[in-house]
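This report refers to the structure that appears directly beneath it.
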Amino acid sequence: MEWATVKPAAFDYAAPTSLAEALTLLGDPDRDATVLAGGQSLLPMLNMRLARPELVVDIGRIPNLAGIEEREGALVFGAMTTKAAVESSALVLRQQPLLHAATKLVGHPQIRSRGTVGGSMAQADPAAEYPAVAVATGGWMRAVGADGERTIPAADFFVTCLTTGLAPGELLVEVGIPALSAGTGWSFTELSRRHGDFAMAGVAVTVRLDRAGCFEESRIVVFGVGDIPTRMSAAEELLRGERPEPSLYRRAADAVRDAFDAPMSDIHASAEYRLHLAGVLAERGIADAVARAHPGEEGPNR
Amino acid sequence: MSLDCLPVTERRWIGRDVVRVEDRSLLTGRTRFIDDVVLPGMLHCAILRSPFPHARIIQIDTSRAEALPGVAAVVTGADALAWCQPARSTPEGWGLRCLASDTAHFVGEPIAAVAAASRAAAEDALEAIDVEYEPLEPVTDPFRAMSGDSPLVMEGKGTNVMFHRVFTWGEVDAAFAGAEHVFTEKFRWNRVGANPTETFGTVCEWDPGTLELCVYGSIQAASSAALGCAGTFGIPSSKVTVKSQHHGGSFGGKGGARGIVVASMLSRKAGGRPVKWIEDRSEYLVAGGGQAWDRHYEASIAVSGGRVTALSVTLVDDLGASGEGFGALGAAKPLAAFTGPYEIPTARYDLSLVATNKTPVFPYRGMGPPPHFFVLEQMMDIAARALEIDPAEFRRANFIPADRFPYTIPSGNEYDSGNYGEVLDAALSLAGYAELRREQEEARKQGRLMGVGVVSTVEPGVFDWNAYAIVGMPQTGVPEGATVSIDILGSITVRVGFSMEGQGQYTLVSQLVADYFHVDMDAVSVVQLDTRSAPPSFGPGGSRLGVAISAAVLGACQRLTGTLRRVAAALLRAPEDQIELWDGNFVLKDRSGGALSVAKVAATMLARSDLLPPGVDPLPEATYVWTAPGRTPADDEGRAKSYLTAAQAVHVVVVEIDPDTGVVEILKYAVADDCGVRLNPATVEGQLDGSIAQGIGAALYEEYVYDEEGQPLVATLADYLIPTINEIPVTQKTAVVTPSPFTPLGAKGCGEGAIHTTPAAVMCAINDAMAPRGVLLTEVPASPQRVWKTIREANR
Ligand SMILES: Cc1cc2nc3c(=O)[nH]c(=O)nc-3n(C[C@H](O)[C@H](O)[C@H](O)COP(=O)(O)OP(=O)(O)OC[C@H]3O[C@@H](n4cnc5c(N)ncnc54)[C@H](O)[C@@H]3O)c2cc1C
């Protein structure tokens, strides 16, 4: 009786138990196949018939696709690692507090208990937190396809709204997020209508201050405003070598506002308002990151 | 008869926080909702909807759909024309048929429907229906709609103005002309509405043998639905049975008849197989019963010597494409509390109801006064601010004095009782008002935008149809009945005509009967009857059922006691008038002689015909149907005694606004209210909490947005922002009790509750916060974007 209330357009379903099998299914050029991970974005699309794949390949039964490990200064997440697992990982909290903070802002506990790291990257929602973290930390994606595997820097992975550099038939298997090095200050700020909603605008910031307390290196990534999470090179440049102070942050905020030609607009936030918010959040985010930074410190995070 | 007394030494259930009898089934997943109803041979319905706000339907071809496997029936506007009448509506004559036949009037309007072996098959079949449309120019702005050159929503009508009338109560013009101060402002209340956890659903069976229609559904008002079906199909109402399932909330949003009519037609066409239709959330949001109150206001108040002497409100109410949702009632209901808690001697209401190419509006909790009070309370604050009077004291000075009740307001309704000053004091002291103002002064010195809203409103309770007479509801009474029956083992069953919807009325019934007959609540069962077997019943709505059902149950208990007493008198060999029921036993009034339990007397009636006094039937059962006493038909200015009770509340809200982002944070929320005697205080508190949440939704988050072309931009709950637990402040609450002199046990209607007050209070707090910047936000919801824009105006 259950199926009687199912609403998506008809599709075939496969739950391969090996990576090879999955790649074979996904690589079939005659079938329009879609990966199912946590389903938190895909299932609504199926029910609304906005997604109409012929085949849904559930990758939840492939061994070794979930888990968190430390490898060469980075945290490496199997694509099927849930956000709930990230949120409760002591390793993440210690090595990558920015990711931990961002995780808490992804939807609600129910969503995080099913939604996956790989799913968020592959979905590439412009207002999603994880892509912004990946870009802000200099992360990378490891994809496997019929022709073998490759590693794609986060900066190249996100192409445009809901579109990534994954080739047809390619599966995202791992996401690498470098650990935050010691002394690095960070912040992750966003504004959403309600707790757990996609952000109207958000800013991820990392800063390193030199011995003199001046900006040595900074990364400012704005999400929810452009079609992908975007580094604010002009603002970063403006900070370099300068002494942290509020008037500087304000100028950086102006540079952020100048960085977008065509900000997104929807019923919750007009383009104008989003742009304004991006500046406000950048200003606040830089200040917060500076407050967390330890000037002159080097080496791995402790 | 007087229904006030419970014949017990001590009330063990009424007035206490009891565990709800509904909850065991709800918490163990045993409550059967509409989607749990599965009938043999049942088909599933899916509905094809108009993608255009206004279009001519040139042609519909269903042949491909009909040929698909599993498809049993397809209906279109042609079937609707053949089989049914347009929906009943207010104002009359503005209803549409359940499926559009030649013109589509709003996005989401049903065009065709399929019954198939599964929902998926039905959805597939929709894609195989070919419709040729010719788009027409839509009208979405009610002011444009009222103008001469506007496209017409219903061509045959020749106008988009469904209704226009000016009501004048007292010498308003003179009051304005002679006033020391007159304040005028415009306001915009954007569309919000009910969003129950469960959307609408129905299973309909058109029996070709008996030619009877049986409808199961998550229906708020079953008897109205049954009458509506009979009228729509032109069949005797005795051939329609509506069985309302227990359901996951309604708040007014489940009144829509279209789903029932469409599923019934499909059942008829499919040879009588039952057809289930479960509205999905997007259908509900786009074209269900969830939209209400799309309003443009202009208001003026006259003030002399610190007293408001006149109130004038002009309302242009955009009802969308049809009057089928009875959204007009929401514009009529403010007459029941037009001047709020204030002694304002004169008033005017200039009311226009306008059709546009948007989804028809439906009732929503509060049914119209919440936007009205948003306007009235902003005006009170605007005046207080200009006159430099503390807003709490300005309200106090204008309150109806406690010794003036029962009090008739200019728009005709009578308030039963109240002590508004005491409620205000309770709220101010709970909130620490004086200290709040000191904190605010500090905050302002630091440039922070902190604001305090103090708002007082009246909740009309226990509706009668005469409240809506001005838009075409002629009747006065809304009877509610109950049957109380005792079986041979002394167990008590109460039969009612309404289903469980969440407010805990089955608990209330159990409390009442348990106290009346001095038994445990567990000994009482409440059974719901369908519309053909139930006594007259309307069900929940208009803050009425608590009062109405308690009167009905007490009446039935009293009537049954009368019968039992005749038997007891025979058994105790004493004159009937010497005997009374007390603590569950029939005893002699002087307490001499024996006692007979209610159970024993009932059992004797059923088992011992030899002992039954002559003329007494062996039927320990009684039915009582209650209707509010003293209601009057509306006069030529719409004035009527309509709602029986008037609860009152004062909310104190503290907010702080982030001027850079426009985000409003609620720092404190205090409530004092007086809804008379609380029959189950926990239930009252639950109603308050839910209603505050909906009020905060309306004030800050929720909005059905349309673009200028009439396309709805809200289709999911990621667009329509219902506040979650994270957005709702923890409230402090206190109660004042002024019993109603008009209701059994002194209770007042309180089901709609805080939504009357919360939006006004939050908006007053926001405007108080922004006051130093000299700006005013006159539009709800106060989204961060709107607040930011308003503050930016000040900076320019
Ligand atoms: C109520 C609600 C609130 C939400 N709020 C937020 C929020 O605030 N922030 C936020 O970022 N997200 C939010 N989300 C989205 C959520 O985080 C999703 O889980 C996430 O976007 C997708 O992860 P998933 O595992 O569920 O992927 P799925 O839904 O299963 O898949 C998403 C897409 O990615 C593809 N895909 C998934 N895994 C892979 C892979 N390994 N290789 C290749 N392609 C793959 C799928 O084919 C599909 O196209 C919310 C969702 C809901 C329902």
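Given the structure is predicted, the values throughout are model-derived calculations rather than measurements. So that the names make sense, note that chain A is the first sequence line, chain B the second, and so on, each numbered from 1.
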Count the heavy atoms belonging to other residues, nucleotides or ligands that lie under 6.0 Å from [atom1] of [X], then report whether that count exceeds 12.
X      : atom1 : answer
B:Q446 : CD    : yes
B:Y669 : OH    : yes
A:L50  : CG    : yes
A:R231 : CZ    : yes
A:R52  : CZ    : yes

For [X], is it the side chain, the backbone, both or neither that has a heavy atom under 4.5 Å from a heavy atom of chain A?
X      : value
B:R792 : side chain
B:D707 : neither
B:L700 : backbone
B:L717 : backbone
B:E127 : side chain

Revision key, fill the gap. Correct closest heavy-atom pair for A:M200 and B:P784 would be CE-CG, 4.3 Å
Review point. Yes or no on side-chain contact (heavy atoms from CB on, under 4.5 Å) for B:D660 and A:R284, after CA distance, side-chain angles and deciding distance?
Key: CA-CA 11 Å; B:D660 294 332; A:R284 292 178 183 178; 3.4 Å; yes
Check your understanding: In Å and rounded to the nearest 0.5 Å, what is the OH to CD1 distance from B:Y706 to A:I267?
Key -> 12.0 Å
Practice item. Determine, stepwise, if the pair A:H268 / B:S783 fulfils side-chain contact (heavy atoms from CB on, under 4.5 Å). Key: CA-CA 8 Å; A:H268 305 308; B:S783 62; over 6 Å; no
Exercise for review: Verify side-chain contact (heavy atoms from CB on, under 4.5 Å) between A:R193 and B:Q785, making sure each step is shown before the conclusion.
Suggested key: CA-CA 10 Å; A:R193 286 295 306 273; B:Q785 175 168 263; over 6 Å; no
**Study point:** Pick from B:V705, B:D719, B:T724 with the largest number of heavy-atom pairs that fall under 4.5 Å of chain A
**Key:**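 So the answer, after comparing B:V705, B:D719, B:T724, is B:D719.
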Practice item. Under 4.5 Å, counting heavy-atom pairs only, tell me which of A:E272, A:R274, A:R49 racks up the most with chain B. Key: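 It is A:R49.
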Does [X] reach the main-chain N or O of [Y] with its side chain, forming a donor-acceptor pair under 3.5 Å?
X      : Y      : result
A:Y273 : B:T661 : yes
B:E123 : A:P8   : no
A:R194 : B:L721 : no

